[in-house]
Amino acid sequence: MSTPEDQFKNVISHAKEYGYIFQSSEIYDGLSAVYDYGQNGAELKKNIRDYWWRSMVQMHENIVGIDAAIFMHPTTWKASGHVDAFNDPLIDNKDSKKRYRADVLIEDHVKKIEEKIKKEVEKAAKRFEGFDEAMFRSTNARVLEYQAKADEIEARFKTALENNDLAEVKQIIVDLEIVCPISGSRNWTDVRQFNLMFSTSMGAVTDESNIIYLRPETAQGIFVNYLNVQKSGRMKIPFGIAQTGKAFRNEIVARQFIFRMREFEQMEMQFFVKPGTEMEWYETWKTRRMAWHKALGIDEKKYKFKDHIKVAHYANAAADIEFEFPFGFKELEGIHSRTDFDLRQHEQFSGKKLQYFDQDYTGPLNSELAKTQTPEDWKDNHSYVPYVVETSVGLDRLFLAILSTSLQEEKLEDGETRTLLSLPPQLAPIKVAIFPLMGKDGMPEKAMEIFNLLRFDHNVTYEEKDNIGKRYRRQDAIGTPYCITVDQQSLEDNTVTIRDRDTMKQERVSIDKIAAIVDEKVNMKYLLKKTS
RNA sequence: GCGAAAGUAGCUCAAUUGGUAGAGCUCCAGCCUUCCAAGCUGGAGGUUGCGGGUUCGAGACCCGUCUUUCGCUCCA
């Protein structure tokens with residue numbers, strides 16, 4: 001039996017061989033962690049995106065979709081926290097091969113000094129009655145010495161960061177004789193800066209002031225348009241804004257094929273709710289999103305929820321839908337209760353009010369809200385900054401999930417093996433392949449008639465090369481749900497055989513029934529019905 | 001980024017100790033056959049990832065580099 005590792009390699013080579021995924025710029029040796037979608041990959045990806053879009057926008061009367069630009073005003077990323085939060089200086093210990101954030105190493109060192117101060121204070125507190133801690137801290141020589149040292153380190157570190165002086169950051173680590181907790185050695189690499197966001201410049205002249213970033217998430221395009229959409233669409237809370245699009249992250253390590261790429265596509269929906277109701281909506285969306293995935297008919301055991309124990313700074317609850325990839329359970333989709341963090345940040349940075357006027361609303365609904373929103377915000381008892389529940393799927397990850405789980409080596413009764421890509425039929429790049437059994441006697445012409453009939457409804461293909469078995473197997477490997485074959489009998493009575501990809505069973509039907517049979521299997525509306 | 005392994009035809013892989021780069025499948029043209037990867041004939045396809053070096057001679061040995069996979073690390 002093949003190992004999961006072999007299976008994954010199979011998926012990658014199959015993806016290439018059948019026009020699903022190619023490495024970017026392959027003729028130039030490729031570009032690390034960037035991939036292109038081929039003729040079949042582009043179709044599958046588009047179909048997955050359509051399934052998501054239609055189930056979000058078409059199937060929910062209170063969700064609308066937008067398409068925001070990838071370029072956004074630089075202040076967006078200051079407000080969102082991306083500029084500050086993801087510029088970590090990193091350093092490696094050469095002996096233990098462990099990587100650390102340089103700022104964390106230094107701060108930990110400072111904390112140790114503060115621990116020492118604390119111990120001194122505790123010792124003294126035991127010794128003296130009527131102990132005055134403030135007095136002790138400001139007079140005790142040893143404490144003062146420790147404090148001075150801690151202050152000095154922090155000041156030095158702050159200056160180094162402000163000057164973007166990474167050599168100095170390393171020097172601080174060297175001077176403080178900080179050792180690696182694992183190896184215990186001081187054998188450090190240089191400090192390097194990893195920037196999450198790709199930057200470029202706008203305008204012909206390059207200078208600091210016109211640096212702009214390629215968005216690292218699509219969500220901010222939704223937040224900055226919140227008011228535009230709410231007003232122009234006369235949206236009533238609760239409502240959602242959906243968006244699909246490319247995002248870019250300069251990952252330190254981007255690997256595992258298309259699972260983690262530097263350029264990738266997200267499908268995000270931000271749902272704006274009344275403060276205090278966010279947990280209900282969070283649970284609702286968790287359930288809905290899982291149902292959406294499971295409607296695809298993939299083995300349900302491959303999906304599971306994973307709740308985040310530690311949530312990001314902006315969230316008060318978060319869960320992932322994980323999928324069992326060939327390399328284990330990994331995140332496919334995130335559902336986050338993002339509170340009012342983003343909208344409030346944008347209010348603050350833009351100076352524009354991003355509030356919702358709610359006829360029925362009277363004051364804060366929970367203590368959480370009272371913490372972040374001042375009475376000033378709801379003084380008229382009708383306006384508030386909405387809370388947000390986010391659903392965010394990686395389109396490329398979902399693509400990989402579907403592709404990898406669909407690829408199978410099937411043992412047939414006669415001992416042969418069949419390579420089968422059992423894609424959900426509604427998502428398959430090509431819905432029907434049409435073959436003349438032989439390339440003569442008018443069969444190709446008859447087959448072309450059927451081809452021209454079906455092409456208005458579906459992506460169909462026509463093939464007359466090679467023997468029929470070979471053509472069937474080729475379509476199996478691409479994942480085409482149906483093959484239709486025109487034979488001698490077709491010319492006499494207008495019937496054809498229609499072969500099912502998964503069962504390999506054939507049925508003889510009259511040509512005018514084909515459209516209905518195919519539609520029932522591949523029309524996305526049946527998939528959408530399963531989710532609602 | 002560190003460590004390990006790998007890179008030869010579109011794909012899967014050979015090539016003795018350093019001595020003429022090959023097979024199967026695929027692809028193209030034709031013949032035959034006609035419902036599950038059949039057969040026959042012919043053909044195309046390569047600066048062995050790329051760049052240096054050692055050698056009379058390198059696919060093989062050495063150095064560098066790029067890409068991929070695995071482990072570590074990071075992941076809003």
Side-chain angles (χ1 to χ4, degrees), chain A residues 3-6 8-10 12-14 16-19 22-35 77 80-82 84-86 88 90-101 182 189-192 194 196-197 216-217 219-220 247 249-257 259-260 266 268 308 310-315 318 320 326-327 330-331 334 336 338 341-342 390 392 394 412-414 416-419 435-441 443 464-477 483-489 496-499 501 504-506 508:
Chain A
T3 64
E5 194 179 313
D6 288 338
F8 188 41
K9 279 185 177 164
N10 261 341
I12 295 168
S13 59
H14 191 90
K16 183 184 175 189
E17 189 174 355
Y18 290 94
F22 307 122
Q23 200 187 357
S24 163
S25 322
E26 197 186 4
I27 61 166
Y28 292 109
D29 276 340
L31 186 62
S32 184
V34 184
Y35 292 89
W77 306 112
S80 70
H82 286 83
D84 296 327
F86 298 101
D88 305 330
L90 299 179
I91 189 166
D92 291 345
N93 183 273
K94 289 179 188 168
D95 298 315
S96 64
K97 314 287 182 208
K98 292 283 168 190
R99 165 166 300 161
Y100 301 91
R101 280 173 51 176
I182 307 286
T189 63
D190 287 341
V191 176
R192 289 162 311 224
F194 289 93
L196 168 94
M197 291 190 288
E217 64 171 18
Q220 299 303 328
R249 294 180 192 178
N250 205 354
E251 302 282 356
I252 297 168
V253 174
R255 267 202 303 222
Q256 279 161 326
F257 196 39
F259 183 80
R260 181 169 293 118
Q266 294 185 307
E268 293 196 307
H308 288 202
K310 253 178 92 175
V311 296
H313 59 283
Y314 56 71
D320 290 339
F327 41 85
K330 297 275 181 178
E331 180 188 350
H336 293 209
R338 290 184 79 134
F341 177 84
D342 294 279
E390 167 189 272
S392 174
L412 300 180
E413 284 174 13
D414 59 7
E416 299 255 331
T417 60
R418 176 172 79 126
T419 301
F435 310 140
L437 185 59
M438 286 174 277
K440 59 182 183 187
D441 298 342
M443 291 180 207
E464 59 174 74
K465 278 222 178 315
D466 294 313
N467 71 59
I468 194 74
K470 214 169 216 177
R471 282 178 273 168
Y472 283 150
R473 296 298 178 82
R474 203 148 49 213
Q475 294 303 323
D476 289 342
C483 292
I484 288 170
T485 302
V486 171
D487 58 10
Q488 203 64 44
Q489 191 181 334
V496 291
T497 59
I498 181 162
R499 170 191 180 269
R501 178 194 66 195
M504 296 168 71
K505 291 255 164 56
Q506 282 173 282
R508 182 166 287 275

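Letters A, B, ... are given to chains in the order of the sequence lines, protein chains preceding strands, and every chain is numbered from 1.
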OP1 or OP2 of B:rU69 less than 4.0 angstrom from a side-chain nitrogen or oxygen of A:Q256, does that happen here?
-> no
With sequence neighbours left out, what residues match A:Q488 under side-chain contact (heavy atoms from CB on, under 4.5 Å)?
-> A:M438, A:D441, A:M443, A:L491, A:E492
On a whole-Å scale, what distance lies between the P atoms belonging to B:rU17 and B:rC74?
-> 45 Å
Between B:rA14 and B:rC25, how far apart are the C1' atoms? Round to whole Å, please.
-> 14 Å
Base, sugar-phosphate, or nothing for A:F257, non-hydrogen atoms under 4.0 angstrom?
-> sugar-phosphate
Residues that A:D466 engages under side-chain contact (heavy atoms from CB on, under 4.5 Å), provided they are two or more places apart | A:K470, A:R474
Are A:E331 and A:R260 within salt-bridge range, i.e. N to O under 4.0 Å?
-> no
Below 4.0 Å: OP1/OP2 of B:rG10 and any side-chain N or O of A:K16 | no
Could you write nucleotides 29-39 of chain B as a row of B, S and -, 5' to 3', where a protein heavy atom under 4.0 Å of any base atom gives B, of only sugar-phosphate atoms gives S, and otherwise -?
-> S----BBBBB-
Hey, which of these two, A:R249 or A:S13, hits RNA chain B nearer its 5' end, going by closest nucleotide?
-> A:S13
Identify the nucleotide, in any strand shown, that forms a Watson-Crick or G-U wobble pair with B:rA23, with both distances under 3.5 Å; if there is none, say none.
-> B:rU12
Under 3.5 Å, is there a donor-acceptor pair between the A:S80 and A:Q220 side chains?
-> no
Which whole number of Å gives the distance between the P atom of B:rA4 and that of B:rG64?
-> 12 Å
Looking only at B:rU67, B:rC74, B:rC70, the nucleotide nearest the A:F8 side chain is B:rC70
Considering just the side-chain nitrogens and oxygens of A:S80, establish if one lies under 4.0 Å of OP1 or OP2 belonging to B:rA76.
-> no
Is there a Watson-Crick or G-U wobble partner for B:rU54 with both distances under 3.5 Å, and if so, which one is it?
-> none
